[in-house]
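Data block below; observations after.
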Amino acid sequence: MINRNKNFKNLAAGYLFPEIGKRRKAFAASNPGAQIISLGIGNTTEPLTPHIVEAMKNYVDSLGTKEGYCGYQDDSAGFTELRERIAKVLYNNVVSPSEVFVSDGAKCDVGRLQQLFGSDVRVAVQDPAYPVYVDGSVMVGAAGKKPATSKGYREITYMPCLPENNFFPDLSVVKKNSLIYFCSPNNPTGAVATKTQLEKLVNYARENSCIILFDAAYSAFIRDSSLPKTIYEIKGAKECAIEINSFSKPAGFTGVRLGWTVVPEELKFQDGTKVQTAWARITNTFFNGASIIAQMGGYAALDDIGLSEMKGLIDYYLENASIIREALESENFKAMGVKVYSGGNAPYVWAQFPGKDSWEVFDAILSQCHVVTTPGVGFGPSGESFIRFSSFGHRESVEEACKRLKNFKL
Ligand code: PL4
């Protein structure tokens with residue numbers, strides 16, 4: 001028989017989110033009748049907004065006509081009008097439409113981007129981080145030949161992001177010519193990098209011939225106008241950064257699927273060739289474009305009505321986050337020494353249970369409160385002792401979960 005890709009044997013464990021699903025299922029099976037509430041996976045729960053629904057419905061109707069039918073698109077990078085609107089509305093034309101590549105979501109693009117750099121690239125990740133960066137790097141062979149230890153993969157540079165450094169890493173640990181994964185607003189910590197911090201990151205990348213893969217999937221949650229919503233607010237970023245983003249969280253498109261990646265004209269590989277050319281080659285080879293129906297929804301999401309509806313949706317989840325934060329700041333958590341981190345610009349609340357094991361706390365919350373969370377260690381070694389609480393949920397479920405959490409004891 002054919003051998004499995006040899007890199008797979010190095011994967012530390014199963015993918016985090018199905019693992020949480022498995023534990024939830026096992027708990028439900030042994031506790032029939034338990035009303036389990038999820039504050040675990042960051043999955044949107046609120047309905048699509050009316051303006052977006054109408055745009056998609058109208059387009060589906062036109063697809064049912066001879067004149068309006070559309071098959072494969074000429075260009076897998078997406079409708080020109082959508083690329084233009086993304087460039088104008090979200091980037092104030094700092095990036096041009098030809099630099100915007102529409103996709104079926106940020107996660108799918110992370111996977112394709114990893115093929116752009118192959119197995120020889122050095123990788124640096126924030127620790128903790130969205131697991132796709134590390135797991136994907138392992139699969140393409142960029143994490144070295146040896147399996148992970150409890151401190152992570154030997155050949156990946158982990159950049160601890162902890163309360164002690166205000167969740168901004170010491171960049172000096174990053175080697176020259178590295179691909180640096182950076183997510184802001186951050187999943188899972190909820191921290192948002194300031195302009196000064198991103199300037200440091202961009203300058204470091206430029207001085208050390210690194211490329212930044214900037215994941216801005218939660219940028220629409222930024223409410224503090226002094227905080228950068230895109231890496232391209234920083235001078236010089238176009239020479240060293242790719243940005244990925246998504247309609248998943250702001251427009252509730254987790255199931256609809258739509259995102260985009262910005263690959264600037266100026267970005268070059270070591271040999272002087274354009275990263276953008278290689279990216280177009282990859283996407284044209286492996287991708288036939290995002291759903292045209294989803295693209296029509298995304299286009300509507302970025303006009304005045306769409307933007308105002310999205311703001312309402314995000315406000316709803318941000319309010320959930322502040323309800324969760326308040327519950328975690330109640331007396332019982334204080335008595336356990338729990339410290340809560342949530343700055344009001346992200347959908348996640350990050351809580352530290354000093355000296356405790358993340359999975360043990362996860363299990364204790366599940367068994368006492370019937371609430372699913374995400375164990376911090378699942379995002380990397382520096383996530384140990386933390387728990388991530390997701391604010392994606394119906395208000396009544398979040399309130400009920402918080403009521404139960406107020407009686408939690410360890
Ligand atoms: C569970 C930093 C969630 N099954 O929907 P996409 O592909 O446009 O965006 C995925 C994504 C990209 N970047 C960051 C993210 O946090 C996410 C979504 N993360 C979470 O709970 O951490 C959903 C995870 C999903 C998954 O594996 O992505």
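On a predicted model such as this, the values are computed, not experimentally measured, just so you know. In listed order, ligands and their atoms are each counted from 1.
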From the candidates Phe379, Tyr218, Tyr348, the one that places a heavy atom nearest atom 15 (C) of ligand 1: Tyr218
Nearest-contact summary for atom 4 (N) of ligand 1 - protein heavy atom, Å: Lys107 NZ, 3.9 Å
Exercise: do Asn245 and Ser219 side chains pair donor with acceptor under 3.5 Å: yes
Ligand 1 contacted by Phe392 (non-hydrogen, < 4.0 Å): no
Close approach, Phe253 and ligand 1, non-hydrogen under 4.0 angstrom: no
Parallel, tilted or perpendicular, as decided by the 30° and 60° cut-offs, for the rings of Phe182 and Phe214: parallel
Test: Arg112 cationic atom under 6.0 Å from Phe287 six-membered ring centre, within 45° of axis: yes
Closest approach of any protein heavy atom to atom 1 (C) of ligand 1, naming residue and atom: Ile41 CG2, 3.6 Å
For Glu319, the option from Arg223, Arg325, Arg395 that meets salt bridge (Lys or Arg N to Asp or Glu O under 4.0 Å): Arg395
Ligand 1-proximal atoms of Asp215, by part, heavy-atom distance under 4.0 Å: side chain
Selection from Gly255, Ser248, Pro185 by shortest heavy-atom distance to atom 5 (O) of ligand 1: Ser248
Under 4.0 Å to a heavy atom of Cys183 - the qualifying atoms of ligand 1, by number: 2 (C)
